[in-house]
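Heads up, the thing below is written out as structure tokens.
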Amino acid sequence: MVKFSKKYSALSLAVEALRGHVGWKPAWRNAEPKRQYDMVLIGGGGHGLATAYYLAKVHGYKNIAVLEKGWIGGGNSGRNTTIVRSNYFFPESTAFYDFSLKLYEGLSRELNYNVMFSQRGMMMLAHDRHGVEMLRRSANAMLLNGADAEFLSPHEVRARVPGLNPSPRFPIMAGLNQPRGGSARHDAVVWGYARAADALGVDIIQGCEVTGFGIENGQVNAVETSRGRIETGKVGVAVAGHSSMIAQMAGFNLPIISYALQAYVSEPLKPCLDTVLLSPATGVYVSQSDKGGLVIGSSLDLYPSYAQRGNLPTMEASAAGIVELFPQFSRVKFLRQWAGIVDVMHDSTPVVGKTPVKGLYFNCGWGTGGFKAIPGGGYCFAHTMANDEPHPLVAPFSLKRFETGRLIDEAAGAGIAH
Amino acid sequence: MLKIDCPWCGPRAEVEFCCGGESHIQRPEPFDKVTDAEWASYLFYRQNPKGLHFERWVHKHGCRQWFNVARDTVTHEIKSVYLMADPKPDVQKLTPTGKQKETNK
């Protein structure tokens, strides 16, 4: 019975069904902190857990801890809209995000955990001539960089998304579809990585807040936590909106500003939308979850915030945008609303790499789009920490670019919202 | 929603304003001897505190004047509104989140 609980399969499910489902074991241990680890990861979200998994799986490290202040997946991993895509402009971005998308394509099998990755397509809309030109340019850039892209006429857009407003105030003039884009189940990604990392010996320590670092001669040698001091030579930080707080404990600043990003889920509806739809001009994107709820994301609340609440004007703008695209949704009720604190870089490109402190590495700056980067970010961050040298895919994402001026400005390039 | 007390127009809703980020940032000097690191720090690196933040706002859909706001980034409570040329208000007198100063008894 224990054997079946370890590996999930149709057979183990059938056996457990016959036994009344009493044999399932917890998917990971709730570990106690040890005094010393080879590596410590701060932040038990998708990126931290994925990094721990790849450190154990690819690089053979067994003595690793993941420290989480609250509970795993309780931060931005549980506060996003679960979109996966790689429709960026610059070659460096597409190379990385497409790598992450490819890892998503094999993730359920890799982790033996159904992350419910659904490649239902990700479609961006243009509502004016300049938007159409932007989409044509984006489609060409994506194809040149090796991602998949389809430029769609208004007729093709409407054939793919039947419910769209027939006479909108902002006419739909073109669409850009990435067929391999889609969504995944955010909790399953976190839990799948946690279970797989735990099986390889990683200690996942919840309710453990980092309060400081032991730093000697510019080299980190310990992490101070609410549950005691942990000695270690290498620390990886993946804490999204709170990156600046952790950096200041280590004595430096980051080129990050933290904002609240809101999202909403409606009451469940019958299946009516089978793609992810993004309309930058109306400031919203929407998809339908497997439970039937419309998952709606809005643009940033544009002033610095650590409040995981969000504000009413942004909510109103999102609702107006949705009703502009789909007037029939006007009577649908919001079921839940939440805000995640996102770490926005000046050029909307992340930082994965070294810091001024030796042995301290940061994985941050994903802004509004960290979820899609979880497998790729974890893989490349693990490589960076294990080798003390950035993985080639994230080498351009270094802090040094702010001094050299080699920014990767995706806010301008891909027109993304952050 | 924030209610921001514009120094010229009085209290107005947040949607009339636009936040310009951290205030009191000084361009490094002397101009011909600024290193790349100092310049990067000036352009891109920010305090980004969890708590009291000194920031610039503009009354975009009003008088279009810039001014400073001391605001808590956790509670969003506005502690002080002051003019662009004014120094930072005394932090001790602005109560940080969770440590409410005792009121007059």
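Labels below follow one simple rule: chain letters A, B, ... track the order of the sequence lines, proteins then strands, and each chain is numbered from 1.
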> Rounded to the nearest 0.5 Å, how far does CG of B:Asn48 lie from CG of A:Asp343?
Replying inline: 9.0 Å
> Counting N and O atoms only, with roles assigned by atom type, does the side chain of A:Gln248 sit under 3.5 Å from a partner on the main chain of B:Gln47, one being a donor and the other an acceptor?
Replying inline: yes
> Where on B:Glu22 is there a heavy atom nearer than 4.5 Å to chain A: the side chain, the backbone, both, or neither?
Replying inline: neither
> More than 12 foreign heavy atoms under 6.0 Å from NE2 of B:His59: is that the case here?
Replying inline: yes
> Can you name the closest pair of heavy atoms from A:Pro255 and B:Tyr45 and give their distance?
Replying inline: CD-CE2, 3.5 Å
> Is chain B contacted by the side chain of A:Leu407, its backbone, both, or neither, given a heavy-atom distance below 4.5 Å?
Replying inline: side chain
> Passes side-chain contact (heavy atoms from CB on, under 4.5 Å), B:Phe44 versus A:Ile256? Steps please.
Replying inline: CA-CA 8 Å; B:Phe44 303 119; A:Ile256 283 180; over 6 Å; no
> Got more than 12 heavy atoms from elsewhere within 6.0 Å of CH2, A:Trp71?
Replying inline: no
>> Would you call the rings of B:His76 and A:Tyr303 parallel, tilted or perpendicular, taking 30° and 60° as the class edges?
In response: perpendicular
> Most heavy-atom pairs under 4.5 angstrom with chain B, which of A:Ser243, A:Ser244, A:Gly241?
Replying inline: A:Ser244
> How far apart are the C-alpha atoms of A:Asn253 and B:Arg46, what are their side-chain angles, what is the distance that settles it, and do they pass the side-chain contact (heavy atoms from CB on, under 4.5 Å) test?
Replying inline: CA-CA 7 Å; A:Asn253 270 351; B:Arg46 295 294 177 260; over 6 Å; no
> Roughly how far, to the nearest 0.5 Å, is the CG atom of A:Asn311 from the CE atom of B:Met1?
Replying inline: 8.5 Å
> Under 6.0 Å from the NE2 atom of A:His130, do we count more than 12 heavy atoms belonging to anything else shown?
Replying inline: no
> So which part of A:Leu254 gets closer than 4.5 Å to some heavy atom of chain B, the side chain, the backbone, both or neither?
Replying inline: backbone
> Taking all atoms of both residues into account, what is the closest heavy-atom pair of B:His53 and A:Pro304, and its distance?
Replying inline: CE1-CG, 3.7 Å
> Where is the tightest heavy-atom contact between A:Leu302 and B:Cys19, given as atom of each residue plus distance?
Replying inline: O-CB, 3.7 Å
> Is the CD atom of A:Glu316 crowded by more than 12 outside heavy atoms at less than 6.0 Å?
Replying inline: no
> When you look at CG of A:Asn217, are more than 12 heavy atoms from neighbouring residues, nucleotides or ligands closer to it than 6.0 Å?
Replying inline: no
